[in-house]
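Report on the following structure.
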Amino acid sequence: MASQRMVFGAALAAVVLALASGPAAVAAEPSRLPTKVSAKVSTKVPTKAHTTIQADKQIDVGSAAQSVHVIWNFSAPSVNLPPPAEQTLVIDARGLAGVARIAVADPRCTAHGQVFSCANQNTDQLTNLDFTVRADPGAARGATGTMKYTASAGHGAPGTARVKVVVGVPDLVVGKVPDVTHARIGSRIDVPLRLRNTGDRATDRRIAVHWVGAGGLVFDRKFSNCGYSTGTDLAAPASPTSVTCVFPAAVAAGATVELSSPLTAAIGAHVLTGEINYTAELLQPGARPEDRLDAELEPGTGPALTLVPASGTEVGFESGATGRVGVLADSSADLAATATAKPAAGADGWTLNLTVVNHGPAAVYATGNETDNEYVAEVDVVLPRHTVATDYEHAESEDSAYGPCFLWVSDTTTAPFEAGHRHYVCVVPFGIGAGKNVESLLSVKADKSYDGAKGSATVRPGPAGIALHDPNSANDHATFAFSTSTAPPGDTVADTGADRTALIAAGATGAVLLGAAALVVHRRRRRSH
């Protein structure tokens, strides 16, 4: 089962950042600097039906076709006023004469020269449209024109929007930043950045650069033109922190610039592995710099951070506007294994609860180098003789699944879960915070020859290859046995080994990962035969 990663955001998702994510809503021009942003709900109630348009306010075009996306929406002041069956969008590109031309292939659209009328005949059709625009041959770099949208819906006020089209395409790429190794807990690291404009025209819009850190890294809030956010639980493996800075100065075509001063980030007490993802984008006119974490941005203090001509030796550049730097701290994580069992309710057999506990001090976090099936830790489970697993369950938080079990094939290979075997591997897919735990559950049955023999559960680093530097190997291993007595359901009947001072009460081992408050147990869907 593939783990579901956080992305730093709705989808970070994820932690996955992209350059210029879709059309910006047409809105009034805000401050160019990131200030504290909070959601506000308008109390104004529209009194008339109207149509709104969402589209980029500026498009940079070259000789290659540039994809354009536009959305229109009909809004009614009352639920008693149904949406009209016919909704129309008109694209008027006559203002681009000598600058650029558009091409619309959508079957809903009819062309009249460079004016396209696109009509929906019923409410089931999508209210969005994709088309292309490209510069005219011989158009001068920097030449501009205007394209106009008009959307109407039979009654009510139509919506209009204008788009500036500019010949020439600035193209920002970000510099590579070397990974940080052997960082001391409590120290600070520099996070430099270089930008290069590989396009054929200077930037003429504000540049926003976003950094998102995970694994316990915290940015210092020392620049007044930057906005900062901090995760809610820095002991959690992926509690994200971010900084967003906006730069109004232009970057000439072919020029390379760097930060006037590097960002700095503190290595928190729970850092073992961390990462910082960063991306640059040209802001649409009137758009606020996006907070990729859907959290409030607190403004920094001190001088403004600027972009200055780059100097010194270059490390290299990424192929696009997104980069990543990994951080390794001189710390350790003490993972321990426990195994408890109880009679299965209303049936023969037992439920074996396998728990991985992180005694810290560091969180164990899978950075972006790993794929979804490269788990940070795993529990190797060998059931006693004359017992087999019949199914598995795993604890699930609100957002992500943890603790699936697989059939052991070899020390380096697993297969999808299959009933009827004794040897399995249950995994910690994404991470485990300091002081947190992850549990998995196996349903076990025995044949009549079972005599109380013991099984074993051993926690070890997973194939993600994260060095835990575990300071206490004695608690990595636990033994267990299933009682053959007729103890009532709910009693704890497993022997967890001589190194355990007490049995863990069944039903009180709710696994909590990444600070999730509530857990739901889901049974694996059985295969059909």
Side-chain angles (χ1 to χ4, degrees), residues 19-29 50-74 86-120 125-154 157-172 197-207 250-254 281-287:
L19 176 65
S21 56
V26 175
E29 177 75 25
H50 62 284
T51 303
T52 58
I53 297 174
Q54 289 179 288
D56 287 342
K57 297 184 72 175
Q58 179 172 326
I59 301 172
D60 301 317
V61 297
S63 58
Q66 172 72 37
S67 180
V68 180
H69 186 67
V70 60
I71 303 170
W72 67 96
N73 293 294
F74 173 78
E86 182 172 329
Q87 301 178 10
T88 302
L89 175 72
V90 175
I91 309 170
D92 187 347
R94 290 175 295 180
L96 301 182
V99 174
R101 293 183 63 84
I102 70 171
V104 183
D106 195 293
R108 295 174 294 173
C109 303
T110 302
H112 302 280
Q114 279 289 283
V115 178
F116 294 82
S117 296
C118 308
N120 281 351
Q125 292 181 281
L126 297 175
T127 57
N128 59 57
L129 182 70
D130 292 286
F131 62 96
T132 60
V133 58
R134 71 172 69 204
D136 277 351
R141 190 175 297 119
T144 63
T146 302
M147 180 169 55
K148 181 181 179 181
Y149 301 116
T150 303
S152 58
T160 62
R162 294 183 180 273
V163 180
K164 180 181 179 181
V165 177
V166 187
V167 176
V169 181
D171 188 12
L172 294 177
N197 182 0
T198 61
D200 60 4
R201 183 168 61 83
T203 63
D204 59 353
R205 289 180 272 160
R206 296 166 300 151
I207 299 170
V251 179
E281 65 175 331
L282 293 174
L283 290 176
Q284 282 289 324

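Predicted, not measured: the structure shown is a model, and the values here were computed from it.
Side chains of V68 and D56 form no contact here, defined as non-hydrogen atoms less than 4.5 Å apart. Looking only at side-chain heavy atoms (C-beta outward), V99 and T144 stay at 4.5 Å or farther from each other. Taking 4.5 Å as the limit, some side-chain heavy atom of Y149 sits within range of a side-chain heavy atom of I91. Using a 4.5 Å heavy-atom threshold, the side chains of I59 and M147 count as touching. In this structure, the side chains of V61 and R134 stay at 4.5 Å or more apart for every pair of heavy atoms. A heavy-atom distance below 4.5 Å is not found between the side chains of L89 and R108. Q87 is not listed as a side-chain neighbour of T51, based on a closest heavy-atom distance of 4.5 Å or more. Using a 4.5 Å heavy-atom threshold, the side chains of I207 and L282 count as touching.
Separating the NZ atom in K164 from the CG atom in L96 is a distance of 13.0 Å, to the nearest 0.5 Å. Rounded to the nearest 0.5 Å, atoms CG (N120) and CG (L126) are 8.0 Å apart. Remark: D130 CG to D106 CG distance equals 8.5 Å, nearest 0.5 Å.
Of all heavy-atom pairs between V169 and G62, the closest is CG2-N, 3.7 Å. Across every non-hydrogen atom of V133 and A100, the tightest pair is CG2-CB, 3.9 Å. Minimum interatomic distance between T203 and P170 (heavy atoms only, all atoms of both residues): CG2-CB, 3.8 Å. The nearest pair of heavy atoms linking W72 to A151 is CB-CB, 3.8 Å. The nearest pair of heavy atoms linking C118 to L129 is SG-CD2, 3.7 Å. Across every non-hydrogen atom of G159 and I53, the tightest pair is O-CD1, 3.3 Å.
Within the 3.5 Å criterion, the main-chain N or O of Q58 finds a donor-acceptor partner in the side chain of Q284. A distance-only check finds a donor-acceptor pair linking the side chain of T198 to the backbone of D171 [under 3.5 Å]. Between the side chain of Q114 and the main chain of I102, a donor-acceptor pair closer than 3.5 Å is present. Looking only at distances, no side-chain donor or acceptor of T88 sits under 3.5 Å from a matching main-chain atom of S152. The backbone N or O of V167 lies less than 3.5 Å from a partner atom in the side chain of R201, making a donor-acceptor pair. Side-chain atoms of D92 never come within 3.5 Å of backbone atoms of V115 as a donor-acceptor pair (strictly under, hydrogens ignored). Checking side-chain atoms of T160 against main-chain N and O of T150 turns up no donor-acceptor pair under 3.5 Å. Formation of a donor-acceptor pair under 3.5 Å by the D204 side chain with backbone atoms of A250 is not found in this model.
More than 12 heavy-atom neighbours from other residues, nucleotides or ligands sit within 6.0 angstrom of CZ on R205.
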Could you walk me through whether Q54 and N128 pass the side-chain contact (heavy atoms from CB on, under 4.5 Å) test, one step at a time? CA-CA 9 Å; Q54 289 179 288; N128 59 57; over 6 Å; no
